[in-house]
Structure formats: C-alpha cells, structure tokens
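For reference, the structure discussed in these notes is given below.
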Amino acid sequence: MSDDDQLDIPDNTKHISSIRLGQVDIDCWFHSPYIDAEDGSNEKDRTIDKLYICEECLRYFLNSRKYRQHTNECNRRHPPGRKIYEHPDGLSVYEVDGTTSQLYCQCLCLLAKLFLERKTIYFDVEPFLFYVLVEADKRTKNIQHIIGYFSKEKLSDELYNLACLMVLPHRQRQGFGRFLIALSYELTKLEKKTGSPEKPLSALGQMTYKSYWHSTILSKLEEYRRLQIHVPVSQLSLDTGICLEDVIQTLIDLHLAHTVNSSNEITFKPHELRHRRRQQNQCDNNNNNLDASSILIINEDVLRTALNRSSTGDLSPKNNQHIFDPSYLRLINRR
C-alpha cells in the first residue's frame, strides 16, 4: 500500500492490550479501531496481546515476523511532509498534510486513539494538518523517534488552532505537550491571527492549557511593565496568539483583572476581584465590561506576587522539560 492510499472505514476492529513501537512496548489505555487485515477474521471481540507498529511509517502488523521483515525493508526515515522546526538538541517537527499523506495520518490517528478517550476522527483526515514531533536517536542520527503530535483544521470557522494533541505515554511529563501547544500558537501568530483549542477540553487538556495561558500572559505583562507601556486587552491577545475570550478568562482566573471605571481601565487588585467574580462572569451590574478595548494598567507589586506564585507552582515549565524555541522555526513562505 502506497503512502497516497487510505484505509477504509472498518467493519471489524479488535481490542489491543499493548503495542510495540520501534523498540518500546507500551500498554494501551483505550480501544482504537485498527483493522485486522491479516487474518480476515470476522471475530469482532478478539483481543490482541500486542500490535507491532513501524515507528517510521506507522504501518501495523499482528505478526512479529512480518513486522521485522517490514522494518528491514521500510525506507522511510522521518514523517512525510516538510520539516518546519529543527533544534540542535535533536527535536524536529514535520507538517504533514492529511490530503497528500492519508495513510500515514490515518495510522497516526489510530495510534493516538489508543491513548485518548474522546478522539473520534480516524479516517477523515483530509481537512487537517498534522504537526508531528520527533527526536533524533542519540546514537544513530538518521533514526528519529516519534514523541507526539497535534492536528488542526486547515480552515476553521471558529478559529481553532488545535484539534487534537497526543504525547505518547513514555514521553509524557517532559514538557512535550506544552511544547506542542506553544508551537500551535506560534503558527497562529505567523498567520497574524489569534486562536484557541477545540473545546470542550479534557481534564488533562484543561490543566495543560491553563498552565500555558497563565505563564504566557504573565510573561507578556512583565514585558509590558519593563517597557512601561499600556496596551488594550486586544493587543495582549494579538501578542500571545491567544484568543480574546481565553485572555480575559485567564486574567480573571489569575485575579489580575478588574474594571474600575467607565473607560475600562484594568488594574491588578485581587481583593477587588472577589466582588467582581460574584457578578456575571465578565460583566457586572454597573455595566463595567472587561473587553477588547480595556486598557491594561499594571500594578507592579501584584504582578510580582503573581509571577512568584507561578514560578513556585505548576504554571511554569520545570527545569528538566523541553521548551519550544521559536527561533528554530523555519520560515513558512505560504503563511
């Protein structure tokens, strides 16, 4: 089957206990509708102890002998598509088009479903771009190990900049989820837009995004303070790539926002916010709206307290985690 081929919607799928991906064995968390194309069995509830997946092309096999034969013959050394990010420490990201690389993207979605409870799209991949994160092998540089990916719709009426995100279990808690989120927003900024992930988010997704939103917005506010500039909330949204709704909610969650007069100036007074939060979310009965035109006026003491709180809590990346560096993002001419 060539890379331009695609899988048919299955009428017979199997339950999978674990996978062998490259040299790593991984226990599966959820059911994924992999097609049993080898034995032609009509037994729908059969459990597979181990599915063998080629780390390079993501083709899968029930039989270890056929898997070894394939890996000896497979000439793919990285995901299809173009490399858009390359860091000297070995991390790279490839942009893969669901239209031109259907089989690879379908297999990627099937792999992701083994570890994502809510994922529902596996075969209709044409409307999506996939950003696949890989790491060069420490000993053999021409071998790359897949870490995870995120996908986004090519055209989103809701301005979503991320549809699905998956980091393989053995690479979690190393900052790669945050890395991919940061990449999604950097691509959004290159398009001179703002964006947001598809909602509702899972509990883990909500936690990861809140951490990213909090630390990113605090960092930008600190930059405004150093430069001694006052900008509207809309500018904060554009500068971070985070959509206006998420920016406003983050300012409220951090106890950093309160409208105090008709000109909608925002100060940072957490004791005043307690009264505000008893009102209707982002608008109170006095018609003080926290909106795009609200001006950010930064109270240094309160901002410093928030920054200290974030540096000692769960809002900032840990020292052993991988940080996305936009300086290694290759220019994307068509954007």
Side-chain angles (χ1 to χ4, degrees), residues 29 85 93 112-113 115-121 128-133 147-153 156-169 171-191 193-223 233-234 236-257 277 281-282 290 292 306-307 309-318 320-326 329:
W29 299 352
Y85 181 91
V93 177
K113 181 61 186 75
F115 311 106
L116 298 175
E117 184 175 14
R118 296 184 180 181
K119 184 170 179 58
T120 57
I121 295 177
F128 295 90
L129 294 171
F130 297 79
Y131 295 88
V132 184
L133 176 62
I147 295 171
Y149 81 99
F150 78 86
S151 62
K152 60 178 286 188
E153 286 186 282
S156 173
D157 294 335
E158 296 83 2
L159 299 182
Y160 291 139
N161 64 358
L162 186 145
C164 177
L165 185 151
M166 185 277 295
V167 175
L168 288 167
R171 305 309 303 268
Q172 293 180 7
R173 300 184 182 278
Q174 299 173 44
F176 291 120
R178 185 188 181 91
F179 180 105
L180 291 168
I181 290 172
L183 171 59
S184 73
Y185 280 109
E186 193 64 28
L187 295 175
T188 298
K189 289 191 288 182
L190 287 175
E191 296 173 344
K193 298 177 181 178
T194 64
S196 183
E198 285 191 16
K199 298 181 178 72
L201 295 169
S202 66
L204 179 59
Q206 183 75 19
M207 182 178 65
T208 306
Y209 264 96
K210 277 193 172 184
S211 172
Y212 176 81
W213 290 332
H214 289 187
S215 60
T216 299
I217 286 174
L218 284 172
S219 177
K220 185 58 66 174
L221 292 175
E222 172 63 10
E223 179 182 326
V233 176
S234 59
L236 176 59
S237 176
L238 288 171
D239 288 345
T240 59
I242 302 171
C243 78
L244 190 63
E245 178 184 355
D246 293 335
V247 167
I248 291 175
Q249 188 58 55
T250 299
L251 290 172
I252 293 174
D253 289 345
L254 287 171
H255 293 200
L256 292 176
R277 296 190 73 177
N281 294 328
Q282 297 169 5
L290 182 58
L307 286 166
R309 187 170 62 245
S310 72
S311 66
T312 58
D314 295 328
L315 300 182
S316 60
K318 305 300 182 288
N320 64 337
Q321 299 202 336
H322 297 270
I323 308 299
F324 172 75
D325 187 341
L329 186 63

Quiz item: Between T194 and D246, does a side chain to side chain contact (heavy atoms under 4.5 Å, CB included) hold up when you go through it step by step?
Solution: CA-CA 10 Å; T194 64; D246 293 335; over 6 Å; no
For the residue pair [X] and [Y], establish whether any side-chain heavy-atom pair is separated by less than 4.5 Å.
| X | Y | value |
| --- | --- | --- |
| L165 | V167 | yes |
| L256 | L221 | yes |
| E153 | E198 | yes |

Of all the heavy-atom pairs spanning [X] and [Y], show the shortest one and how long it is.
| X | Y | answer |
| --- | --- | --- |
| S237 | C243 | OG-C, 3.6 Å |
| L201 | R118 | O-NH1, 3.6 Å |
| H214 | T250 | CD2-CG2, 3.4 Å |
| L244 | A292 | CD2-CB, 3.5 Å |
| N161 | F150 | O-CE1, 3.9 Å |
| L236 | K220 | CD1-CG, 3.5 Å |

If I take atom [atom1] from residue [X] and atom [atom2] from residue [Y], how far apart are they, to the nearest 0.5 angstrom?
| X | Y | atom1 | atom2 | result |
| --- | --- | --- | --- | --- |
| L329 | K189 | CG | NZ | 10.5 Å |
| Y149 | C164 | OH | SG | 3.5 Å |
| I217 | I242 | CD1 | CD1 | 4.5 Å |
| I147 | M166 | CD1 | CE | 11.0 Å |
| Y209 | L204 | OH | CG | 11.5 Å |
| E186 | T240 | CD | OG1 | 11.0 Å |

Exercise. Would you please classify the geometry between the Y212 ring and the Y185 ring as parallel, tilted or perpendicular, with 30° and 60° separating the classes?
Key: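 Parallel, since the angle between the ring planes stays under 30°.
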Self-check item: Short side-chain to backbone donor-acceptor contact, S211 and M207, under 3.5 Å
Solution: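 No.
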Quiz item: Any sub-3.5 Å donor-acceptor pair from Q174's side-chain atoms to H322's backbone N or O?
Solution: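 Not a single qualifying donor-acceptor pair exists.
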Quiz item: What do you reckon, are the aromatic ring centroids of Y85 and F179 less than 6.0 Å apart?
Solution: yes
Quiz item: Going through the distances and angles, do Y160 and K152 end up as a side chain to side chain contact (heavy atoms under 4.5 Å, CB included)?
Solution: CA-CA 7 Å; Y160 291 139; K152 60 178 286 188; over 6 Å; no
Quiz item: Is it the case that more than 12 heavy atoms not belonging to K199 sit under 6.0 Å from its NZ atom?
Solution: yes
